[in-house]
Peer 1: 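Structure in structure tokens, see below.
Ligands are counted one by one from 1 in listed order, and the atoms in each one are counted from 1 as well.
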Amino acid sequence: MDFDLTDEQRLLRDTVRDFANQEVKPVAEELDRTKAFPYELVKKMGELGLMGIPFPEEYGGGDAGTLAYALAVEELTRIDSSVAITMAAHTSLGTMPINMFGTDEQKADWLPQLCSGQKLAAFGLTEPEAGSDAGNTQTRASLDGGEWVINGSKQFITNSGTDISGCVSITAVTGQDNGNKEISNLIVPNGTPGYEPGEPYRKMGWNASDTRPLTFEDCRVPEGNLLGPRGDGYKQFLAILDGGRIGVAAMGVGLAQGALDEAIAYSKERQAFGQPIGKFQAIQNKIADLSADIAAARLLVYRAAELKDAGESFTLTAAQAKLITGRLAVRATEEAVQIHGGYGYIEEYPVCRFYRDAKILTIGEGTDEVQQMVIARQLGC
Ligand SMILES: Cc1cc2nc3c(=O)[nH]c(=O)nc-3n(C[C@H](O)[C@H](O)[C@H](O)COP(=O)(O)OP(=O)(O)OC[C@H]3O[C@@H](n4cnc5c(N)ncnc54)[C@H](O)[C@@H]3O)c2cc1C
């Protein structure tokens, strides 16, 4: 097994690391405090080719694979989770369904503007009655005069209501199939009459990321906006979530690493009892444990990405990676706050934001309990 990154992957990682340090870090605290969407940074990420890393070159993507994408997500999250989730949700949740299941025409219509970052894509699966139980979709779409008429609502949808949001791919019930719900995917462009993103939520973290409820009231889109075969929607979204977990797991590693970076730097500066606190074994133990756990978790995330890139089954590894990295991020950010003492509770210190940003990683894209179900099923239980 090859543990080395290729030259291209290394270059991408270093480019994103520089971008995160030079462009994101100086504004991250203010964006979080003012809950301002990072339009300028998205534009720059588009220019750097970060908004379409795994997509085909013919549509303006980087054709660089899942591992390269995971490296970029990790480096962004090391500095700021809001910027990272904007890019990650756009890529592996919003744009990926169009890349994987779209017709040539749908790809030609959407991928160039999405890969360039001119427009953002969102993924609308969760509903008030359909979260972990995602198959309980209540949103309905019926054909009328060559158009789908959509009625229903979605909630917690990332990237759905910014000035540059281009479209959302949603699940909707389009009929009955042997007594079961027939669920299909539809592309709904922003600005379509009857489709309204609501006011952004007030969240614990990810404050500069855009998250909204959506309503559909007699919203009409052309019949050709069906994404993939009719009735395949649920299966398609499960496949998207499988891949998306690798991105969220990369966020967990990046956030844990960012928290550790801050904790190490602070432990060298802060004096107590006449010496830097990093000289105390109690602090060293926390740092050593985190560094070991992060190194192991990172390998698991990269392994899941490699399996996906090799076309092998990655469901088990991605769910394992998502499960352990979410928990690790929560623990690492908590320990980093602890190492900062009272200053860790003050917003000027990045670990304060990191701590608030961590918790969603055990909830979004399938809760820990859902990951445990996926893993147990994969193991034959
Ligand atoms: C900031 C943010 C951004 C998001 N972005 C998106 C997005 O872009 N697109 C999108 O579609 N969704 C998005 N989500 C939704 C997210 O994926 C869901 O919140 C998540 O899947 C959990 O669903 P739920 O909130 O309905 O919780 P529920 O499903 O109601 O779960 C509540 C609790 O019950 C547990 N539970 C449920 N079923 C079981 C079971 N069978 N066994 C054991 N325990 C169980 C859960 O693990 C959890 O602890 C986002 C959420 C947030 C907060």
Side-chain angles (χ1 to χ4, degrees), residues 32 35 37 73 77 80-98 114 120-139 152-162 165-172 183 185-188 190 197-216 227 233-234 236-245 247-249 251-252 255 319 322-323 326-327 329-330 353 356-377 381:
D32 176 79
K35 301 179 172 29
F37 186 78
V73 172
T77 320
D80 185 59
S81 292
S82 289
V83 171
I85 187 58
T86 299
M87 179 275 233
H90 165 77
T91 304
S92 54
L93 295 183
T95 309
M96 193 58 88
I98 299 174
L114 297 176
L120 285 176
F123 170 85
L125 177 66
T126 305
E127 297 187 5
E129 304 303 324
S132 304
D133 186 8
N136 194 34
T137 305
Q138 305 293 316
T139 297
S153 62
K154 299 284 171 180
Q155 68 178 10
F156 306 145
I157 308 305
T158 305
N159 287 340
S160 55
T162 72
S165 295
C167 64
V168 59
S169 303
I170 62 162
T171 41
I183 296 178
N185 292 156
L186 295 165
I187 303 173
V188 185
N190 283 62
E199 286 300 305
Y201 295 97
R202 291 172 56 233
K203 294 172 294 200
M204 177 191 293
W206 285 6
N207 280 333
S209 148
D210 179 75
T211 323
R212 298 174 191 249
L214 314 179
T215 52
F216 301 89
L227 189 54
Y234 188 58
Q236 289 179 181
F237 265 64
L238 287 183
I240 293 298
L241 287 173
D242 262 0
R245 277 174 197 143
V248 178
M251 288 190 73
L255 183 52
K322 162 80 170 60
L323 180 64
R327 290 172 172 175
V330 170
R353 168 168 47 91
R356 290 187 285 98
D357 283 340
K359 185 58 198 162
I360 183 64
L361 297 179
T362 68
I363 297 170
E365 292 222 28
T367 61
D368 281 5
E369 292 77 12
V370 167
Q371 304 312 315
Q372 288 168 325
M373 282 193 303
V374 172
I375 292 167
R377 271 187 208 145
C381 298

Peer 1: If you measure from each non-hydrogen atom of Thr158 to ligand 1, which part falls under 4.0 Å: side chain, backbone, both or neither?
Peer 2: both
Peer 1: Run the salt bridge (charged side-chain N to carboxylate O under 4.0 Å, His left out) test against Glu127 and tell me which residues pass, sequence neighbours left out.
Peer 2: Lys154
Peer 1: Measuring from non-hydrogen atoms of Thr211 to any atom of ligand 1, is the shortest distance under 4.0 Å?
Peer 2: yes
Peer 1: For the residue pair Leu255 and Ala358, what are the closest heavy atoms and their distance?
Peer 2: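 Looking at all heavy atoms of both residues, the shortest contact is CD2-CA, 3.5 Å.
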Peer 1: Checking the N or O distance criterion of under 3.5 Å, is ligand 1 in contact with Phe156?
Peer 2: yes
Peer 1: Starting from atom 9 (N) of ligand 1, what is the nearest protein heavy atom, named by residue and atom, and what distance separates them?
Peer 2: Phe123 O, 2.8 Å
Peer 1: Counting heavy atoms only, which of Met373, Gln372, Met204, Gln371 comes nearest to atom 40 (C) of ligand 1?
Peer 2: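 Going through Met373, Gln372, Met204, Gln371 one by one, Met373 has the nearest heavy atom to atom 40 (C) of ligand 1.
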Peer 1: Does atom 32 (C) of ligand 1 have a protein non-hydrogen atom under 4.0 Å from it?
Peer 2: no
Peer 1: I'd like to check atom 46 (C) of ligand 1 in this structure: does the protein have a heavy atom lying under 4.0 Å from it?
Peer 2: yes
Peer 1: Give yes if a backbone or side-chain nitrogen or oxygen of Thr126 is under 3.5 Å from a nitrogen or oxygen of ligand 1, and no if not.
Peer 2: yes
Peer 1: Measure the acute angle between the ring planes of Phe123 and Phe237, then classify it against the limits of 30° and 60° as parallel, tilted or perpendicular.
Peer 2: parallel
Peer 1: Counting only heavy atoms, which portion of Tyr201 has something under 4.0 Å from ligand 1: side chain, backbone, both, or neither?
Peer 2: neither
Peer 1: Quick one: are Thr171 and Tyr234 in side-chain contact, heavy atoms under 4.5 Å?
Peer 2: no
Peer 1: Identify, with sequence neighbours excluded, every residue that meets side chain to side chain contact (heavy atoms under 4.5 Å, CB included) alongside Pro197.
Peer 2: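 With neighbours one apart ignored, the set is Asn190, Tyr195, Arg212, Leu214.
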Peer 1: Any idea which part of Ile360 is under 4.0 Å from ligand 1, heavy-atom wise: side chain, backbone, both or neither?
Peer 2: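 Answer for Ile360: side chain.
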Peer 1: In ligand 1, which numbered atoms sit nearer than 4.0 Å to a non-hydrogen atom of Glu365?
Peer 2: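 Checking each atom against Glu365, I get 17 (O).
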Peer 1: Does any part of the side chain of Asn185, heavy atoms only, come nearer than 4.5 Å to the side chain of Pro97, both counted from C-beta?
Peer 2: no
Peer 1: Any atoms of ligand 1 less than 4.0 Å from a non-hydrogen atom of Ile157? List them with their elements.
Peer 2: 7 (C), 8 (O), 9 (N), 10 (C), 11 (O)
Peer 1: Do Ser132 and ligand 1 have an N or O pair less than 3.5 Å apart?
Peer 2: yes
Peer 1: Would you say the side chains of Asn136 and Glu129 form a donor-acceptor pair under 3.5 Å?
Peer 2: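 Judged by distance alone, the side chains do not pair up.
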Peer 1: Any side-chain donor paired with an acceptor under 3.5 Å for Asp32 and Asn207?
Peer 2: yes
Peer 1: Is there a nitrogen or oxygen of Leu125 sitting under 3.5 Å from a nitrogen or oxygen of ligand 1?
Peer 2: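 Between Leu125 and ligand 1 (N or O atoms, distance only) the closest approach is under 3.5 Å.
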Peer 1: Would one find an N or O of Thr367, backbone or side chain, under 3.5 Å from an N or O of ligand 1?
Peer 2: yes
Peer 1: Considering non-hydrogen atoms of the protein only, which is the closest contact for atom 20 (C) of ligand 1, and what is the distance?
Peer 2: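 Among all protein heavy atoms, the one nearest atom 20 (C) of ligand 1 is Ile363 O, 3.6 Å.
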Peer 1: Check whether any side-chain N or O of Lys322 sits under 3.5 Å from a backbone N or O of Leu361 as a donor-acceptor pair, and report yes or no.
Peer 2: yes
Peer 1: Please test Ile240 against Ser92 for side-chain contact (heavy atoms from CB on, under 4.5 Å), starting from the C-alpha separation and ending with a verdict.
Peer 2: CA-CA 7 Å; Ile240 293 298; Ser92 54; over 6 Å; no
Peer 1: If you have a sec, work out which protein heavy atom is nearest atom 1 (C) of ligand 1 and how many Å separate them, to one decimal?
Peer 2: Trp206 CE3, 3.8 Å
Peer 1: Take Ile98 and Cys167 through the side-chain contact (heavy atoms from CB on, under 4.5 Å) test and state the conclusion after the steps.
Peer 2: CA-CA 11 Å; Ile98 299 174; Cys167 64; 4.1 Å; yes
Peer 1: How many angstroms lie between OG1 in Thr86 and CG in Asp210, if you round to the nearest 0.5 Å?
Peer 2: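 Answer rounded to 0.5 Å: 8.0 Å.
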Peer 1: For atom 6 (C) of ligand 1, is the nearest protein heavy atom under 4.0 Å away?
Peer 2: yes
Peer 1: Indicate whether atom 35 (C) of ligand 1 is within a distance of less than 4.0 angstrom of some protein heavy atom.
Peer 2: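 No; the ligand atom in question lacks any protein heavy-atom contact below 4.0 Å.
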Peer 1: Using only atom types and a distance under 3.5 Å, with no angle test, would you say the side chain of Asp357 pairs donor to acceptor with the backbone of Trp206?
Peer 2: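 Confirmed, Asp357 side chain pairs with Trp206 backbone.
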Peer 1: So for ligand 1, is Glu369 a polar contact partner (N or O within less than 3.5 Å, distance only)?
Peer 2: yes
Peer 1: For atom 24 (P) of ligand 1, what's the nearest protein heavy-atom neighbour? Residue, atom name and distance, please.
Peer 2: Gly131 CA, 4.0 Å
Peer 1: Any protein heavy atom at under 4.0 Å, with atom 11 (O) of ligand 1 as the reference point?
Peer 2: yes
